[in-house]
Structures are given as structure tokens and as C-alpha cells.
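Order of listing sets the numbers, starting from 1, for every ligand and every atom in it.
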Amino acid sequence: MPASQARLKALLKTHFGFDAFRPYQEDVCVAVTNGEDALLVMPTGAGKSLCYQLPALARGGTCLVISPLLALMEDQVLKLQSLGLRAERIHSGRERSQSRAVCEEYLKGELDFLFIAPERLAVPGFPEMLARKRLGLIAIDEAHCISQWGHDFRPEYRMLGSRLPSFRGPEGAADRTPVLALTATATPRVQKDILTQLDLPEATTFIHGFRRDNIAITVTEVPQNDRPEKIAKIIANEERRPAIIYVNTRKSAESIAAELAESFDVVVYHAGMTKDAREKTQNAFLQGKADVMVATVAFGMGIDKANVRTVIHAALPATLEGYYQEIGRAGRDGLPSKAYLMWSFADRKMHEFLHEKNYPDVSLLERVVQAVAKAAPDNRSREMLKEKSPLDSDIFDAAVEKLWVHGGLRVDSDETLHTGAVKTWKESYVKQGGHRLEQMGLMAAFAEGRRCRMLHLVRHFGDKNDSGKDCGVCDICAPDLSNFRTPNLSEIQQLSALFTVVREREGQSLGRIHKEAASKLDRKVFEKYLQALAKANFIDIEERSFEKDGRKVSYRSVRPLAAAFRESDLLARVRLPNDDETPSKSSPKKKKKSVAPQTKVTDPPSELVQESVESLKQWRLAEARLRKAPAFTILPDRTLNAIAVARPADLDALQAVHGMGPKLVEKHGKKILEVLAVQARA
Ligand code: ADP
Ligand code: MG
């Protein structure tokens, strides 16, 4: 049944009322109508749905659509029904009798589209029911959810690989049901994984259209505390609203919204709210009753609002894929729109901290598996095992979740744990953890990057048909358009001095350079200057790492790119963020300790460090005994060592130590400082 293009065009008009295909739609429709398996990667809003809907009608029979979200399903079904098409859905939110009626319609051949969530395929009897008829087409929406390398992995999607073949007819048959996987977000690696998982080795891949000409991206380093004010400044301009502000935690969603609420119509959306509350705020934003949405990443999938003018990231996102999807919600109407990303090195440290929490050491996972294996069969509830476990409850929960995802444990719906069947869970877990770190590195590299922002994103997604041109509107392409200024005289002097230091200390870590040779500068100013020097191609900031105790420790170092320079070059090329001019007298803002010596400061003598390590270890052992937990779950060695080297004088300084985060500081901060103080007096 070769697809006649004229026939597809006619269907496009009669069923959907469209006069023409959007770019790339026609190629995909022809291929799928002709029975080819395909993977379609196009950004949100590009019109992917049509690429399965039209072939489905052209091929006849029922098209099975797998979709991860009930709301998304309901929305699509309504749209299709309103076009006069026979579309239905079966999901957990509907009455049994309704689902039964839908099954009957399906069996009688009365459905053009049947939407289900992937977990439906695990309901006994359902796959058998489906298999009683041959499907015309199988469409898998949000297909990146199948890949653990994606940013939105859903274990339920994993069963698709084994379930789908029984609905497709015999392998190799000319009329085998084709599968179309669709997603807006898949790097080349995720693309490959989708095809492997779904067993579609012959699939044609269509990867298109990632460039968004109407979004001007600006990336700025902003200290966390200054962000609400900066956001308010941006959206104060009415033309920059409606705006979505993405934050990383529920708490910051609430607090930023509260700060903005004085001046704007703000709503909040995050996963900690009830379903009703979320629906309410979402609708208020969609209907224009509120024009500022402060949300976590929970907001946005399947949202269709064309006139969003600005998307602000108030913190560094975890992945570039997520970031791209989120900024993609700006300017769907094609009008000029803005995306602002605010970040600082502290964001990276927060990511690393969360990563360590979310990916506990594999030995801890093994202990959980052993505990489950040893427990009597009627004693294997998650809660009971958690209570008995010496592990911190957060760590226990993270371990169980990861074991479940990677098949090391099975978890019943009543939360009974069983040892799992998947032998390779360890490998897969360690690999995924490493991959997550890599993704964070890529996100940071984007933020610190010095090439066109849009081009960077387009390359990341492997768009083959892209022009390869600079966008001309981002902060790199057009620094003067966005919020940058030339440095003032005292800043030039400081930049110049810093550049000299950097040339002398090529390859050293930024932390060390700051501590030993630039402590006159506030750390934030130090970072800002380095970014500015890097953007102007005077230096290169490199992400480096080394292995320690089997773990990757990452740090940044600098390399000078220019051998000689004049201060006039600095003036000509270096640009600093606009709204935080450093006072002309070089007075560091708030110094915690008395001003550090201006020349070289050596590390504390190593004997002293060694003694600190010993006292900290004694404290840790006592703490571990008290909590009946392995010592390293209290504080890993390398954090302990870092504390001994840094010898922080107060809680803020302690939190700045690599590996420490707010939670750890809250839990152990005071005691750690006591240990250090006692040892210093001794
Ligand atoms: P995606 O799934 O890629 O995010 P959708 O399939 O939801 O995008 O399509 C986005 C919008 O574009 C929808 O409102 C859809 O009706 C519209 N659209 C799709 N194809 C065409 C077309 N050929 N002509 C006009 N509008 C289209
Ligand atoms: Mg879609």
C-alpha cells in the first residue's frame, strides 16, 4: 500500500482542516503510512501528533497510542473526538464499565484511536484482549521515557519492548504493524536506546527542527540571594509576560512566588500540591488570569500556551534536555521571546550534593538486597525493613527506588519487597549514576560556554538538517543587546591582576587560586570575573576530574589563552553583567574572616590537617555507633578530608566545603565546628 502523497494531503484537509504540512511532517507520514517503523524527534509544538494521526487514518484499523500522562491522553482524545474521529482511552481514572465498553468498541473495529498508559499492558487479560485484533499502527508518545539515559525515565515504559511484538503480526511479514516513537527530547544516545529497547533496528529516524529562531537565550551568573530581585526586574516589563519561572525545589517555588506576589499576578505549581490545587493554578495561568507561573519541572508537559514571552530558570537545571524542553515553552506563537538562565557555582554544588543522596553507594544497595533476602517472607514490608535498617531513612528510600528501577528488587503495590530477577542491576545502576553526573557536566558546560547558545543546543540534539549558523540574539552572539556593560576602571585593574595570577597558575583549581592568590576578591566576584575573561577568550575554564576512592571528583581549572594583553584590550572585549556594578573602591562586600593576607597563603601545615582528620574521624565513629550506621553514611571520607583542609570557622564556611550541603550542615555542622575548635586549642 504505497502512500500517495495526494491522498495524504486530502486527508490532511478533510480531517484536520490544514492546508499544508509543516516542515518534515510529510516525509514522516509517507514513511509510516508505508509501514516503516520510525523514530521522530522534533521539539514541542512542532506538530508531532499529526505524524501518527494522519498515517493512522490512511492505514485504517485502530491506532494504539501509548502516553504517559492521563491529562495528556484526555486532551488528545477530546481533540480527536472534536474532529469527528473515533478516539477513546482506557486508564485508571475511569470506571470499569467505561473501560469495558471501550474494549468492546475496539473489538468491533469501531475505534480509530485507542489511548492507554504503558502500565495498562501489565493488567492481566488486557494484552490478550488487544491481540485479538491487528492494530493499524502503534504510536509511542514521549518515547524518551523508555530510556534510562533520558531525563524522564519511567520504568513502566520498559515493558513495551516485550509486549509490543504480539500486537504487530509475524516478524518479517509485509503487513506488519509499524511502530512510531515520538519525542521532543532525545540526544543521539537516547535515540539509540529507544530503538534498542523497542527492538526497531530498521527504523527510519527523523530528527529535526531544534533551532528556535525566536528565543533569545541569556545566561548569567547570579548569586542565589539576588535572583528574586533580578527576576522581578525582568518581568516588570509587561512585554516579558506571561512568564514561566522554573525553580529546582518546591520550597523555592513557594518563596520566590511569595516575593513576586506583591507586584505580579503569580501562581505556583509543584508536585507537593494537591491535584486540585495544581489544576487550579495551571488553568489560571493558561487562561491568563495569572501571568506569572513559578513552578518546578513538574509543570509544563502537554501544556499548550502559545504566548509565553519569557521562561526564566532561577537555578541551574539538571539536564540540557530538560532545559531545552522548558525554554521551548516560550514563544510557541513564533513571536520574539526570551529565556534567562541564572546560575552560580553553588548550583553545581547543590546538584552534586543531591546526586550523592539520590545515588547512594552501590554497597549500600547491596546491603538492602541482603536485608530483604534475609527477612522472613511476612516481614518484608518496606516500612518494616526501613525501620530495622541501619541506613538513614532517606538513603534507604533512595536505595529501594533505585533497586526497583534497575531490577535489583521487585516492589509489590502494598510495598512488600522481593529480591529481583535482574542480575545486571549493579552495572546498570552504576552506569546510570555516571551518566547523570555527565549530564550535569554538560548542563554546566552550557552555562559556562562561550559559543552561540542556540547552536550549542542544536548540536547537542544532533539535528542533522540544521544550518549550523549562530543565532544572533543570545548573550554570546549579541552581548550588548542583553544585559552587559563595559567594566569600570577599578574592575579593569582587578581583572588585569586576576589575569596575571591565572597565567602564573595554569592548571590549578579555581578554589585553590582563589584561596591562595585572589582572596581579596569576594568568591562571587572572582567567579564573575573569570566568566567574563573566559567569554572574551582571554582564558579557558576547563572541567577536570580525578578518581579518588573509586569516585570521580570534579574541579575546574583555568588556562590562559593570551600570552600578553593590554588593559585597553580588556576594556574593549570584556563585558560584565549589567546590574551589579562593583563599587569603584575595591572593598570586598562582606568578609567573614578578617581580610586574608594578600600574598600567597599556604595550606595549613599537613600535620595539623592530619590531626583534624583524626579528630573528625573519632567524632564520626561515635556518631555512627550512636546511629548504628556505617561511618561513611554519616560523612564520606573525602568530605571529611576536605573539611580538615579547609578548617572552616563558621557554618557558612563549612557549607562552602566541597561535599557539604545545607542538610549535612544542619545535622552535624555545630559538632564539626566544635571538634575543629577543640583540636585547635589542644
Ligand atoms: P507536538 O506534539 O510536537 O508538541 P502537536 O502535535 O501538539 O505538537 O502540535 C502543535 C500544534 O500544531 C497543534 O495545535 C496542532 O493542531 C498544530 N499543527 C500540527 N500540524 C499542523 C499543520 N500541518 N498545520 C497547522 N497546524 C498544525
Ligand atoms: Mg506531543
Just list the side-chain donor-acceptor pairs under 3.5 Å for residues 284-303, sequence neighbours left out, or say none.
residue: Gln287; atom: OE1; partner: Lys289; partner atom: NZ; Å: 2.9
residue: Asp291; atom: OD2; partner: Arg241; partner atom: NE; Å: 2.9
residue: Thr296; atom: OG1; partner: Ala298; partner atom: N; Å: 3.3

**OP:** Check whether any heavy atom of Arg22 sits under 4.0 Å from an atom of ligand 1.
**Re:** yes
closest protein heavy atom to atom 24 (N) of ligand 1 is Phe18 CG, 3.4 Å
(message) So, regarding Leu50 and ligand 1 (criterion: nitrogen or oxygen to nitrogen or oxygen, under 3.5 Å), is there a contact or not?
(response) no
Between ligand 1 and Ala184, can you find any atom pair, the residue atom being a heavy atom, that is separated by under 4.0 Å? no
The closest protein heavy-atom partner of atom 14 (O) of ligand 1 is Asp304 OD2, 4.1 Å
### Message
Tell me whether Gln25 has any N or O atom under 3.5 angstrom from an N or O of ligand 1.
### Response
yes
So for Met42 against ligand 1, with non-hydrogen atoms under 4.0 Å, the contacting part is neither
Checking heavy atoms under 4.0 Å, the part of Ala20 that sits near ligand 1 is backbone
Those residues at least two apart in sequence (or on a different chain) that pass ring-ring contact (aromatic ring centres under 6.0 Å, His included) with Phe115 are none
for atom 2 (O) of ligand 1, nearest protein heavy atom and its distance come out as Ser49 OG, 3.5 Å
Within-4.5 Å side-chain heavy-atom neighbours: Met273 and His270: yes
